[in-house]
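Take a look at the structure set out below.
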Amino acid sequence: MKIKHLLAFLSLIPCLAWALTEQDVNAELQKLAWQNGPISADIAGKAIIKIPKDFVYLDEKNTRHFLELAGNPPQDGHFLIAPQSLRWFAVFSFNQSGYIQDNEKIDPADLLEKLQQSDMPANEERQRLGMPALYTDGWQVLPHYDSNTKHLEWGLRLKTGNGEKSINYTSRLLSRSGVMSAVLVSDVARLDQDTAEFKSALKDFSFNAGENYSEFRDGDKIAEYGLGALILGGAAAVAAKKGVFAVIAGFLAAFWKVLLGLAIAALASMKSLFGRKKE
């Protein structure tokens with residue numbers, strides 16, 4: 001894969017005031033402060049993940065720049081891990097929503113319908129930004145919740161207007177004060193293998209003392225939404241349900257689709273960065 005794939009996506013965003021050549025993008029990617037494992041890495045001041053040998057990590061500042069290079073709106077509070085091969089990568093972020101009660105029954109059919117309904121307002125915003133349309137194609141992995149690990153997971157198939165496909169495999173890790181989002185970016189053909197590797201990496205993730213779900217105490221803030229709304233976009237889904245800022249909520253509910261649907265291009269283009277290293 002060549003860096004030109006990333007440039008093709010960047011060229012779709014006319015609001016950028018500068019033009020990047022292939023050499024420019026390659027230079028910017030090389031300048032990112034890639035940290036090589038084995039190290040212990042901070043995630044949003046809420047958790048630690050152990051980055052093993054042959055894996056890499058980007059802190060908040062560098063993840064922001066990586067995502068911008070992939071053609072996304074600037075966003076703080078994100079952290080990235082990946083194998084050095086860059087076959088996949090995962091982006092972490094934390095939402096201080098409060099304690100999420102996990103006794104809600106999940107209805108995959110109803111959730112899929114709502115996600116697909118959010119495509120229209122999301123694509124209106126994408127069109128305004130000069131980005132191609134992105135559509136919810138269906139479940140690759142049905143939403144499921146593990147009451148032992150407190151992990152909510154699902155896999156969503158996405159496709160662009162010209163038929164390009166990718167998979168977003170999302171984990172929501174519940175804590176005492178909110179939820180950690182961990183979103184895997186993977187190729188459709190490699191999803192099973194990449195998901196297994198991703199889940200193995202999550203075994204070395206742990207919330208800081210006092211942040212574990214089991215450490216809830218009376219008086220702690222309780223989120224106003226449950227497991228289903230987490231899949232739809234958390235607070236944005238609540239706003240839409242109340243009929244407030246419906247269009248904005250639709251875009252926010254689809255934001256991770258925007259973010260990682262485009263970032264898959266960066267995955268393809270960046271493999272050469274670590275190509276000299278033994279996999």
Side-chain angles (χ1 to χ4, degrees), residues 5-6 9 43 58 63 66-67 70-73 75 77-83 86-95 106 108-109 111-119 121-123 125-126 131-145 151-173 179-199 201-202 205 227-234 236-237 250-270:
H5 295 296
L6 177 56
F9 275 88
I43 304 292
L58 289 178
T63 300
F66 169 87
L67 295 172
N72 296 281
Q75 287 286 314
H78 294 85
F79 304 79
L80 182 145
I81 69 166
L86 293 176
R87 293 185 304 273
W88 57 267
F89 62 86
V91 178
F92 289 76
S93 61
F94 187 79
N95 186 334
I106 298 172
L111 291 171
L112 181 60
E113 182 180 357
K114 287 182 169 64
L115 284 168
Q116 291 173 331
Q117 288 173 351
S118 78
D119 286 346
N123 282 326
E125 180 67 10
R126 290 175 64 81
M131 297 178 180
L134 191 62
Y135 300 96
T136 303
D137 197 30
W139 296 120
Q140 183 71 21
V141 179
L142 289 173
H144 56 281
Y145 178 70
H151 290 186
L152 172 66
E153 299 178 333
W154 68 92
L156 199 61
R157 293 195 306 270
L158 306 174
K159 62 181 180 181
T160 62
N162 59 10
E164 294 180 1
K165 297 182 178 180
S166 66
I167 300 290
N168 287 179
Y169 189 90
T170 302
S171 293
R172 295 282 196 261
L173 319 178
V179 58
M180 183 73 72
S181 171
V183 186
L184 166 70
V185 184
S186 173
D187 181 78
V188 175
R190 292 185 51 89
L191 180 67
D192 290 344
Q193 182 177 347
D194 292 346
T195 300
E197 222 173 277
F198 172 57
K199 287 185 175 182
L202 283 180
F205 171 96
L227 299 178
L230 274 182
I231 297 170
L232 298 176
F251 175 63
L252 290 175
F255 180 74
W256 271 112
K257 293 186 287 183
V258 176
L259 179 67
L260 297 179
L262 290 179
I264 192 69
L267 173 65
S269 67
M270 290 174 57

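We use all heavy atoms of the structure for the numbers below, so side chains are in, but hydrogens, waters and symmetry mates are not.
- When every heavy atom of P143 is checked against every heavy atom of I231, the shortest pair comes out as CB-CD1, 3.6 Å.
- Smallest separation of non-hydrogen atoms from W88 and I81: CZ3-O, 4.1 Å.
- A 4.5 Å side-chain heavy-atom check between F79 and M180 finds every atom pair outside the cut-off.
- Q117 is linked by a side-chain contact (heavy atoms from CB on, under 4.5 Å) to E113, K114, counting only residues two or more places apart in sequence or in another chain.
- Contact check for L184 versus T195: side-chain heavy atoms found under the 4.5 Å cut-off.
- One distance of note links CG of L232 with CG of L112; it measures 10.0 Å at 0.5 Å rounding.
- In this structure, the side chain to side chain donor-acceptor pair (under 3.5 Å) partners of S171, at least two apart in sequence or on a different chain, are E153.
- Here the straight-line distance linking atom CG of N168 with atom CG of L158 works out to 4.5 Å at 0.5 Å rounding.
- Here S93 contributes atom OG and I43 contributes atom CD1; the two are 10.0 Å apart, rounded to the nearest 0.5 Å.
- Checked against ring-ring contact (aromatic ring centres under 6.0 Å, His included), F205 has the following partners two or more places apart in sequence or in another chain: F207.
- For the residue pair H144 and L142, the shortest heavy atom distance occurs at ND1-O, 2.9 Å.
- A donor-acceptor pair under 3.5 Å links the side-chain atoms of T63 to the main chain of L58, judged by distance alone.
- For the pair R172 and W154, the minimum side-chain heavy-atom distance is below 4.5 Å.
- Distance check: F94 CZ to S181 OG gives 11.0 Å after rounding to the nearest 0.5 Å.
- Once rounded to the nearest 0.5 Å, the distance linking CG of L80 with CZ of F92 reads 9.0 Å.
- Looking at L111 and W139, their side chains come closer than 4.5 Å, going by heavy atoms from C-beta outward.
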Requested in this report: Please assess I106 against L152 for the test side chain to side chain contact (heavy atoms under 4.5 Å, CB included), listing each intermediate value before the final yes or no.
Outcome: CA-CA 10 Å; I106 298 172; L152 172 66; 3.6 Å; yes

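- Judged as a salt bridge (charged side-chain N to carboxylate O under 4.0 Å, His left out), and not counting sequence neighbours, the contacts of D137 are R157, K159.
- Scanning for side chain to side chain donor-acceptor pair (under 3.5 Å) contacts around Q140 gives an empty result, with sequence neighbours left out.
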